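Below, each value reflects all heavy atoms present in this structure, side chains not excepted, and no hydrogens, waters or symmetry copies. Numbered from 1 within each chain, the chains take letters A, B, ... in sequence-line order. Computed from a prediction, not measured in an experiment: that's the story for all the values here.
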Amino acid sequence: MTHRTIHLFNKGLRLHDNPSLLAAMESSAAVYPVYVLDRQLMAASAHIGPLRWRFILQSLEDLHSSLQERGSRLHVLQGPYLDVVRHLVARWGITQISFDSEVEPHCVQLEAGLRGLAGELGLSIISCVAHTLYDVKRIIKTNDGKPPLTYKKFLHVLSFLGEPDKPARDITTADFQKCLTPRQDGDDEKDRVPTFEELGLEVEPEVLWPGGESHALKRLEQHFQSQGWVANFSKPRTIPNSLLPSTTGLSPYLSLGCLSVRTFYHRLSSIYAQSKNHSLPPVSLQGQVLWREFFYTVASATPNFTKMEGNPICLQIGWYDNQEALQKWKRGQTGFPWIDAIMTQLRQEGWIHHLARHAVACFLTRGDLWISWEEGMKVFEEYLLDADYSINAGNWMWLSASAFFHHYTRIFCPVRFGRRTDPEGQYLRKYLPVLKNFPSKYIYEPWNAPEEVQLQAGCVIGKDYPLPMVSHQEVSERNLELMKQVRSEQGNTAELTRDVADDPMEIGAKRHAQEEGPGADESAGRSCSSAASSRKRCSSGGEHGGRACSWTPEAVRLPEISSEVM
DNA sequence: TCCTGGTTGGTGTT
DNA sequence: AACACCAACCAGGA
């Protein structure tokens, strides 16, 4: 009980289920809650956009307030991580440090640095696993030292481990009364949470997702009032284009540890215990956090998990290097309203539904643009409030059929997929106001609207809103062939070399020529429908499911594929 | 070596 | 709304 301890918050920005902090308090006469804001270190591990920064700062503010309510405070210090800790150890006469043990490479590296420093300075260490349900090392050990590569196998391995640990008890004012947390050095303004302005950030004033533990717990309680909804939750049945999230929206809070995944898991168990027919993994809510656990487990044991090259579980594919097409996707200017609306919501709000992520990820990679999943992953990393090293990379490999998922023939149609659950296009009208006056019949494929309809809607396609950047029908068929080829070559040859030529259209042209001979001529044909296959066609009417496209097969002369990716 | 099953496709038929 | 079919992937298990 005589230690003087620094608790280093990293993720785990909470006072519920925080076993490292609790153990620090139980073994100390004084505990200093500290957050080291090492911007260089953070920038090296991930590209964090302004929305995520705001979320982090709000979460720190929230933590600071909670600590103040309990008679303590949060010290936020900027600078190189280990230098800051070394300085604080001397300044406060520290004998012990505590922190959560995490599995991301940069966290592992930081922990090694902290352990080295502790050895050098003779400090005791407390470190607990609190960001995942299990210590993923235990999962891997139980599976003979390898990460399970399927979810089913993963669940099977977990069945040997029993239930995850119960959450640690909440940290209360009483805990802080027993354990002095000195505030005497300097006033409250010293070492406080920086503002956006101080970090040089500009961000929209509207806050849809306020960061912090108290907001996380409030959101949790709101959802848990609907016990039936929680018990019967089935992920594939949730709606990607509802105007309010159709899922719990807890992912940002879980990713930063404002909400403990073990708290969430055990709260779900208690609801399931009272329910006769609750849903099950993989689609249940518990199944969702087990997916999270799955990706953490595989990521922790896979070298170069966020890259294709040097990643042993990742299919090696010669993706196109097309910066212009990538920028169109990123900025929501593909000409496909469903894709562009999703990317707009992502940039503006920092959260999109899981299935919406599928739609845009498939479009960028194996569906349409044939651009590397790594590029998409980086964009998500920048914009998503719930950006997460393991889950983000894992899902991008999944969607691009590079790992985990292999049914590459299942390609999302950028016109019909969204129309299924939002035939009137309310979601599109909200995020792409330029299209808001289009009739529902055409809003998912406005380039098919007759000129007078476009004029009536006050939006001429090609002028006020872009033409579709590719013919989905054409490029998706080409990509399917490319994928087939990759898979047949992968077995007996070395990995495909990545295309580095400076003209991606040229690459596409070459590949296409090799496979199928010269393409057709270059007119018209920016359509979801196909001349090659009249049975596959896009309905242009939301309310007439089977209605044929306004393009007749004869009218569509498909352009050469390579020229489509502009 | 073969067989099974896989969180969430799309089309067409009933 | 439910189902067969498409074309035929991979990890894991027998």
Side-chain angles (χ1 to χ4, degrees), chain A residues 142-144 146-157 159 232-242 246-247 251 278-295 297-298 301-302 312-317 338 342 352-363 365-368 391 394-395 397-422 444 472-473 476-477 479-491 528-530 532-539 544-549:
Chain A
T142 307
N143 192 44
D144 300 326
K146 306 162 298 192
L149 292 178
T150 64
Y151 187 76
K152 197 179 173 185
K153 172 79 170 168
F154 174 77
L155 293 183
H156 180 65
V157 175
S159 70
N232 295 312
F233 181 92
S234 177
K235 188 62 165 285
R237 296 200 193 286
T238 57
I239 293 170
N241 39 15
S242 59
S246 60
T247 50
S251 58
H278 64 82
S279 54
L280 291 168
V283 299
S284 64
L285 275 177
Q286 244 174 19
Q288 303 314 297
V289 289
L290 290 167
W291 277 106
R292 174 181 186 271
E293 198 84 357
F294 170 70
F295 287 123
T297 304
V298 183
T302 306
I313 66 166
C314 182
L315 192 62
Q316 304 295 305
I317 296 174
W338 167 235
I342 294 168
I352 51 178
H353 185 276
H354 188 63
L355 289 175
R357 301 180 195 204
H358 280 214
V360 296
C362 184
F363 185 88
T365 59
R366 65 188 171 85
D368 295 79
I391 302 170
N395 274 310
M397 279 188 269
W398 183 294
L399 259 297
S400 63
S402 297
F404 307 115
F405 174 85
H406 313 284
H407 283 243
Y408 61 84
T409 56
R410 296 183 186 174
I411 294 172
F412 293 89
C413 175
V415 171
R416 275 159 308 192
F417 186 55
R419 190 150 61 191
R420 274 206 313 245
T421 44
D422 179 23
Y444 282 88
H472 170 71
Q473 186 67 45
S476 62
E477 282 178 12
N479 292 350
L480 211 137
E481 290 304 314
L482 283 174
M483 196 61 95
K484 229 182 265 183
Q485 191 190 326
V486 167
R487 280 156 202 275
S488 68
E489 286 170 359
Q490 204 92 145
C528 180
S529 67
S530 166
S533 169
S534 58
R535 75 183 172 83
K536 294 182 189 172
R537 56 180 182 255
C538 272
S539 161
H544 313 294
R547 190 180 178 279
C549 205

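Between A:Met483 atom CE and B:dG9 atom C1' there is a gap of 15 Å when expressed in whole angstrom units. Taking atom CZ of residue A:Phe363 and atom P of nucleotide B:dG9, one finds them 19 Å apart after rounding to whole Å. Separating the CG atom of A:Asn241 from the P atom of B:dT8 is a distance of 18 Å, rounded to the nearest angstrom. Atom P of nucleotide B:dG6 and atom CH2 of A:Trp291 are separated by 11 Å, given to the nearest angstrom. Protein atom CG of A:Leu285 is 17 Å distant from nucleotide atom P of B:dT7, rounded to whole Å. Across the protein-nucleic acid pair, A:Met397 atom CE and B:dT7 atom P stand 16 Å apart, rounded to whole Å.
Of the candidates B:dG10, B:dT7, B:dT8, the closest approach to any side-chain atom of A:Phe417 belongs to B:dG10. Picking from B:dG10, B:dG9, B:dT7 the nucleotide with the shortest atom distance to the side chain of A:Arg420 gives B:dG10.
A:Glu481 and A:Gln485 share no donor-acceptor pair across their side chains, judged by distance under 3.5 Å alone.
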Reading 5' to 3' and counting Watson-Crick or G-U wobble pairs with both distances under 3.5 Å, write the dot-bracket notation for DNA chain B, | for bases paired outside the strand.
||||||..||||||
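Shown here are the side-chain contact (heavy atoms from CB on, under 4.5 Å) partners of A:Ser246, two or more places apart in sequence or in another chain: A:Thr238, A:Ile239, A:Ser242, A:His353. With sequence neighbours excluded, the residues that form a side-chain contact (heavy atoms from CB on, under 4.5 Å) with A:Lys146 are A:Asn143, A:Asp144. Legend: residues meeting side-chain contact (heavy atoms from CB on, under 4.5 Å) with A:Pro282, ordered by chain and number and at least two apart, are A:Tyr151, A:Trp291.
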Taking distance alone, no hydrogens or angles, what donor-acceptor pairs closer than 3.5 Å link side-chain atoms of residues 354-361 of chain A to residues at least two apart or in another chain?
residue  : atom : partner  : partner atom : Å
A:His354 : NE2  : A:His358 : NE2          : 3.1
A:Arg357 : NE   : A:Ile352 : O            : 2.9
A:Arg357 : NH1  : A:Asp386 : OD1          : 3.2
A:Arg357 : NH1  : A:Asp386 : OD2          : 3.4
A:Arg357 : NH2  : A:Ile352 : O            : 3.0
A:Arg357 : NH2  : A:Asp386 : OD2          : 2.8

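Here the side chain of A:Ser234 pairs no donor or acceptor atom with the backbone of A:Val283 at under 3.5 angstrom. A donor-acceptor pair is defined here as one N or O able to donate and one able to accept, closer than 3.5 Å; no such pair exists between the side chain of A:Arg366 and the backbone of A:Leu480.
Below 30°, between 30° and 60°, or above 60°: for A:Phe404 and A:Trp398 the angle between ring planes is below 30°, a parallel geometry.
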Sequence-aligned protein contact record of nucleotides 9-14 of chain C, with B where the base is within under 4.0 Å of a protein heavy atom and S where only the sugar-phosphate is:
BSSSS-
